[in-house]
Structures are given as C-alpha cells and as structure tokens.
Amino acid sequence: MRYLTARKRAEGKGAAHTGTEHHWSMQVSAVGLALIVPTFLYIFGKALGSDYATVTETFSHPIPAIVTALVLVFGLKHFNRGFEMMAQDYLRGSQLKAAIMFMTAFTYGLAATGLFALAKLAL
Amino acid sequence: MARARLRERGSTNKGTKMAENSKGVQRPLSPHLQIYRWHIPMLTSILTRVTGNALIVSTFLVVWWLIAAATGEAYFDLANGILTSWIGDIVMTLSLLGVWYHFLAGLRHLYYDAGKGMDIPTAEKLGWACLIGSVVLTVLTIIVI
C-alpha cells in the first residue's frame, strides 16, 4: 500500500524542482514593474546629463526617490529570478548552484548600494 | 535471426554503458538553437531573455551614477560625463531599447499566460508588435526626455 499521494510523489520532480511559485513571482513583479518603469525612465532620462545640483535636487523629492528605489529593488528581484531560469536551462549541478548564489549576492548587493545612494541623496 | 537480434541487443547495452561511463549521459541542453529554423516567435522569445539579462549592465551603470551623485560633485561629473559621452549614449540608448522591448515582450508573455494569442498568425503579429513597438517607444522616449 502506498502512503504517499500521487501529488506528493510528483512534487519537486520538475526541471526546477519547484511548482509554480517561481512563475507566479515573475508575473507579480512583471506587472508591478510595468506600472512604474515608464515613470522611472522619465525621471532618470531627465536627470541623466543634468548638472550636480539638479540631480541632487531631483532625488531629494519623494516621488523620484521612491520610484527609483522600487525599480531597483523589484527590478533586481525580477532579474535575479529570471537569471535563475536561464541558469537552469544551461547549467547543471554545482555550476547551477554557484551561478544562482553568485547572482543572488550580486543583485542584493547592487540593490543595497542603490538604496544607500538614494537615502544619502534624499536625506 | 535470433542471433542477429541478440547481437543487436548486445551492442545497444554496450553503447549505453559507454555513455554512462563517460561523465553520465550527455543529453542536449535547451533550446537547441542549431536545430530549429529561425522564425519571429522564436527570435522575439530569445530577445526577451537577451534583453532581460543584458539589462544588468544598465542597472549597474545606473547604480554607479547614483552612488557617484551621492558621493560628491567631482565623482558625479566623472560618472555623468562617461554616461553621456558618445559611447555612454550608445549604451544608454541600447539599454532604453532593451527596457522597452522587454516591457512589451513581458506584456505579451502575460497575454500568452492568459491562454490568448497562441495561434501562429497572432503570435507572429505580436512578435512584430514587440520589435517595432520597442523602436517606436525608444524614439518617443528620447524625444520626451
């Protein structure tokens, strides 16, 4: 007699060893980013190439600072999970694990650096 | 007849054994670029991944520019100067094109996920819409900013 259900035996057997959580998190972050990225492009595009005083002035306002912070944090989260998907397609075993670990550390580091810069500019 | 079949089976077993011995079974990895004929849905799907992953370079540059602005005027002028030099302009324009392409392709992905637009004529039209739309949006953005 089998004590495990068919579902339990199938879980974790897919290429990524998970269910649909990954895909769902990509959908959620995609919709969120689609809403704020155009605003960010406008803010950043206007600021890029301006003089120092204008740029520090721009990011001391709440909306440019908050939108940029959101794009960095959730953009990098979306990137990290997207990279994971690519790594799963081309790498195996330890190489796959190392690539995911490296990119997670890198994207978190980049997001933290960006937030530090924004905090310093805004406050 | 039976002997021939036995020999065949023998050689198959040997083949499997050899494959197992040499660093496990070597299976092809996706997405088999060298096998398929190029077409619009394929090209646009690949471009989604390429743009999404390439945007890490743009993000890195943006964060560097922000950190430079937070550090002080001299460092900001250096970073701002590099990002607005001719090579910086090329990189940032390509980044903008990449963002808009990934944006449109992402919306298309959500539409596909809803189970819509999967027939070939629609999929091809959506692919062209992403390609042309990203160029149009890039030009519009450059005009606006």
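For clarity, every value in this text was computed on a predicted model and none was experimentally measured. A, B, ... follow the sequence lines: proteins, then strands. Residue 1 opens every chain.
Here the shortest heavy-atom pairing between Tyr52(A) and Ala69(B) reads CE1-O, 3.4 Å.
A 4.5 Å side-chain heavy-atom check between Trp100(B) and Leu41(A) finds at least one atom pair inside the cut-off. Phe76(B) has its side chain out of reach of Thr56(A): every pair of non-hydrogen atoms, C-beta onward, lies at least 4.5 Å apart. The shortest distance between side-chain heavy atoms of Phe116(A) and Leu66(B) does not fall below 4.5 Å. Considering only heavy atoms from C-beta on, Ile145(B) stays 4.5 Å or farther from Leu48(A) through its side chain. The side-chain heavy atoms of His23(A) and Asp113(B), taken from C-beta on, include a pair separated by under 4.5 Å. Using a 4.5 Å heavy-atom cutoff, the side chains of Phe44(A) and Val62(B) are in contact. For the pair Ile56(B)/Thr107(A), a side-chain contact is recorded, criterion being any heavy-atom separation below 4.5 Å from C-beta on.
In Ile120(B), the CD1 atom is not crowded: 12 or fewer heavy atoms of neighbouring residues, nucleotides or ligands sit closer than 6.0 Å. Heavy atoms from other residues, nucleotides or ligands lying under 6.0 Å from OH of Tyr112(B) number more than 12. In Arg9(A), the CZ atom is crowded: over 12 heavy atoms of neighbouring residues, nucleotides or ligands sit closer than 6.0 Å. Within 6.0 Å of atom CD1 in Ile63(A), 12 or fewer heavy atoms from other residues, nucleotides or ligands are found, so the atom counts as exposed in its surroundings. Annotation for His109(B): atom NE2 does not count as buried by contact number, only 12 or fewer foreign heavy atoms lying within 6.0 Å. Heavy atoms of other residues, nucleotides or ligands lying less than 6.0 angstrom from CD1 of Ile87(B) number 12 at most.
Hydrophobic clustering keeps Met85(A) apart from Trp24(A) (ILVMFWY residues linked when any side-chain heavy atoms are closer than 4.5 Å, directly or through intermediates). Both Val37(A) and Val57(B) sit in one connected hydrophobic cluster of ILVMFWY residues. Membership requires side-chain heavy atoms under 4.5 Å apart, directly or through other members. Hydrophobic clustering of Ile, Leu, Val, Met, Phe, Trp and Tyr side chains at less than 4.5 Å, counting indirect connections, unites Val99(B) with Met86(A). The same ILVMFWY cluster, assembled from side-chain heavy atoms under 4.5 Å apart, contains both Met42(B) and Val50(B). Side-chain heavy atoms closer than 4.5 Å link hydrophobic residues (I, L, V, M, F, W, Y) into clusters, and following such links, even through other members, never connects Phe103(B) to Met26(A).
Considering CZ of Phe60(B) and CZ of Phe106(A), their distance stands at 5.5 Å, rounded to 0.5 Å. With values rounded to the nearest 0.5 angstrom, Phe79(A) atom CZ is found 8.5 Å from Leu55(B) atom CG.
Looking only at heavy-atom pairs under 4.5 Å with chain A, the residue among Thr141(B), Thr71(B), Thr59(B), Asp77(B) that has the most is Thr59(B). Comparing Ala70(B), Gly52(B), Ala68(B) by heavy-atom pairs within less than 4.5 Å of chain A, the highest count is held by Ala70(B). With chain B as the partner, the residue from Ala111(A), Ser50(A), Ala119(A) showing the most heavy-atom pairs under 4.5 Å is Ser50(A).
Using a 4.5 Å cut-off between heavy atoms, Trp64(B) makes no contact with chain A at all. Using a 4.5 Å cut-off between heavy atoms, Asn80(B) touches chain A through its side chain atoms alone. The contact between Tyr42(A) and chain B is made by backbone and side chain atoms together, counting heavy-atom distances below 4.5 Å. Looking at Ala47(A), the atoms closer than 4.5 Å to chain B (heavy atoms on both sides) sit in the backbone and in the side chain alike. For a residue to count as touching a neighbouring chain, one of its non-hydrogen atoms must lie under 4.5 Å from one of that chain's; by this rule Leu76(A) touches chain B with the side chain only. For Leu110(B), the part lying under 4.5 angstrom from a heavy atom of chain A is the side chain only. Heavy atoms closer than 4.5 Å to chain A are found nowhere in Ile142(B), neither backbone nor side chain. In this structure, chain A has no heavy atom under 4.5 Å from any part of Leu137(B).
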